[in-house]
Amino acid sequence: MELTDFLNIPPYHLNSTQKRELLNEYLGQLTRYHYQNCEPYKKMLDAYGFDISANAGYEAIPFLPVRLFKLFDLLSIPKSEVVKTMTSSGTTGQQVSKIFLDKDTAANQTKVLTKIVSSVIGKQRVPMIIIDSESVLKDRNMFSARGAGILGFSMFGAKRIYALNENMELNTDGICEFLENHKGERIFLFGFTFMIWQHFYKELVAKKIKLDLSNGVLIHGGGWKKLAAESISSAEFKQKLNQVCGINNVHDYYGMVEQTGSIYMECEAGYLHASVFSDVVIRRATDFSIARVGERGIIQVVSVLPKSYPGHSLLTEDEGMLMGEDNCPCGRKGKYFKIVGRLQNAEIRGCSDVYATKF
Amino acid sequence: MFMQQNFNEVTCVFPRKFEENLLLAQKASMPFDNMAVQFLDALSKQLNTDINIRQYPDVATFAFFCRKANIFNLKKLYDTNEGLRLGRGIVFHVAPSNVPVNFAYSLISGILSGNINIVRVPSKEFEQVQMICRAIEKVAENDQFMEMGNRMLLVKYPRESQATKYFSSICDVRVIWGGDQTIADIRRNQLPARSFDVTFADRYSFCVINADELVHGINLERLAQGFYNDTYLFDQNACTAPHLVVWLGENKNVEKARQMFWDSLSDLVEKKYNFQAVMAVDKLTAFYSQAIKSDRKIKAEGNSNNLWRVQIDTLPVTIDEFRCTGGYFSEYHAQSLDEIAPIINRKYQTLAYYGLTKKAIETFIKTATPVGLDRIVPIGQTSEFSLIWDGYNLITTFSRDIDI
């Protein structure tokens, strides 16, 4: 089975039986590929006691904690074939994940992202407002998940404008002019949830400016940690944005640098959806067994994309809840779920430095 | 100097106000001086009047340690080669932030060795810390012990504070608990020329169980409870907590003993341990890291993230790197004690044992003469405080031998 077989399937059309059959076969194949091409991966699977010859189904494939990509260089290709190394946006001093991409994997990430995003904004490229500063791309130190996200989504924009200057100040004149020039057209907006809130929404409120983005589609991601601290819910976020710019088409997405491309897009009903290219499995922390629908657990993500590195089955550090499969009110097939939040850092007793002793 | 610097962020826990001149004017005293012993005994009694003490076994243990009978017993150990000794002067203790009662043991070692003591207590709000500080305050109100109260200062302050710099500049001995990073941070603050540090760094501990004895042992539950206290009670993050379990004995006994021991421990952990979800991820990460870094195949056993057991069939010298908090153990079946000699490096602190004689271990240590290992105690006693800690005799270390 080839990855191209997947690429021709519409992202949300397969029911659970059809999807499972495809994932079992292709992810099983990927597991064998990485086992043969990545020595550390082989050691992990051997230690786990995984029988590589048995085809037990994709949920039985061991999941690697994403933290391992911070601790080890994990790749299934010769280093000479690496065309791009993606890093996670760790804060200063923290170790960052390193994800090694070859030409094919990078190209496939783009293809899959296109499929998923065009299901929300349409197949045509449209004028795009990036709610961030262009300096994110210029600064090599900052070029990480945030820069990669902007670059990845920029391909959907026909004309592009960055809404913030290098001091993260809102360029209202530029935006008004841009909107004037593209009156009546659909406008695509992209940014990171907290940036939008802090530097776009709050600025519009402070400056008492109303924009007309009733034709706009906003895609945003990056997590709710900071907004949760301000007690802003997803519903409130949408409602407030609507008040300042009339936008009513807003989609959060869930994704990570370790599985770029196969992101989980929020539907009209407010749930995140797994496309045919990936899936989530919610696992109980106590024994990693699979949680029931509506039961909170640690999110495992699988994706058909990672070929240059063994990242097709990962355990995140996020908690989530499966809400159902194939029966979301929005009409999309596949699993739909909610994010509960980041796993809490453990409160650890004992005389040792907690963080220093952790690996 | 302290007053001039105006350390706003410093909270004086005891006394409520820091009288710098009064503290600096204090003199050294003799180890186990009568006043000190009386004070600790009064502290012990005061703590026992606290109705909450039953909820805090660590405070109860501390109170028990402080009673006169125990202190006199300890004193005897020092009486044998009595010369002329006096405390070194001011001991500045930086206590670990995650263990509530440790500060108090550090303090009393400073008191018993004849010193004036400044203690940085954990900034986290532990009820145990408050109980002990309240008791000290109460006892020091007594005229008889006012002098003792003048000889100590208990403070709380944030990590970034300049107070560390100040206290370091006036102390004769600085005692740093809390691991390598804390030690490096605190050491950026200079000490006076004659002063020195006593540091309790990150250490590695392990245990040895003789399966031939265990299979006949009748006290399995007590052993499991002891092991639980050694490990889970402090999230397997105390320097004394074993991370490696070495089995000795015949194959069939080891097999049986393992089963008995882990089943018994697992029951306890299931009942008592407050498992946190992120620990599941931590342990899986530790396991895969160990798999990648090991030359030989390793294998995990068990079916709950509460308790991870990793079987290894060789004992690599790097075994001390493979550790995790919250219940993660490597297990190895050794043919004899001699097999573990090569792995013991400077990081090794405590060896806990079961089913071996003290004599056998003593012989092993005398033959192997490792650079590591400072404590050898039965399983269940690893976290019991002793005036000999990490290879230091705290009383002699904190005091001066006066040549006369």
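Note that these values count all heavy atoms, side chains included, but never hydrogens, waters or copies made by symmetry. In the text below, chain A, chain B and the rest are named by the order of the sequence lines, each starting its count at 1.
Of the atoms belonging to B:Ala300, it is backbone heavy atoms, and not side-chain ones, that fall under 4.5 Å from chain A. Contact of B:Phe322 with chain A is not made at all, since no heavy-atom distance falls under 4.5 Å. Looking at A:Tyr48, both its backbone and its side chain come within 4.5 Å of chain B, counting heavy atoms on both sides. Contact of B:Tyr288 with chain A is made through backbone and side chain together, with heavy-atom distances under 4.5 Å.
Using a 4.0 Å cut-off between charged side-chain N and carboxylate O, A:Arg67 and B:Asp282 make a salt bridge.
Taking a 6.0 Å sphere around NZ of B:Lys347, one finds it holds more than 12 heavy atoms contributed by other residues, nucleotides or ligands. Counted within 6.0 Å of CZ on B:Arg346, heavy atoms from surrounding residues, nucleotides or ligands total 12 or fewer; the atom is thus considered open. Counting non-hydrogen atoms of other residues, nucleotides and ligands closer than 6.0 Å to CG of B:Asp263 gives a total above 12. A:Lys225 NZ: 12 or fewer foreign heavy atoms inside a 6.0 Å radius.
How far CG of A:Leu68 is from CD1 of B:Ile292: 5.5 Å, rounded to the nearest 0.5 Å. Distance CZ/A:Arg284 to OG/B:Ser304: 12.5 Å, rounded to 0.5 Å. We find the OG1-CD distance between B:Thr285 and A:Glu317 to be 6.5 Å, quoted to the nearest 0.5 Å. Remark: B:Lys293 NZ to A:Phe72 CZ distance equals 5.0 Å, nearest 0.5 Å. The CG atom of A:Leu343 sits 10.5 Å away from the CD atom of B:Gln276 when rounded to the nearest 0.5 Å.
Side-chain contact between A:Val66 and B:Val281 is absent, with no heavy atoms from C-beta onward closer than 4.5 Å. No side-chain heavy atom of A:Gln344 sits under 4.5 Å from any side-chain heavy atom of B:Val278. Residues B:Leu284 and A:Leu315 are in side-chain contact: their nearest non-hydrogen atoms beyond the backbone lie under 4.5 Å apart.
Among all heavy-atom pairs drawn from A:Ile298 and B:Ala277, the shortest one is CD1-O, 3.9 Å.
Ranked by heavy-atom pairs shorter than 4.5 Å toward chain B, the options A:Leu45, A:Thr316, A:Thr286, A:Asp287 are led by A:Thr286.
A distance-only check finds a donor-acceptor pair linking the side chain of B:Asn305 to the backbone of A:Ala285 [under 3.5 Å]. Judged by distance alone, with hydrogens and angles left aside, the side-chain atoms of A:Lys43 form a donor-acceptor pair with the main-chain N or O of B:Ser294 at under 3.5 Å.
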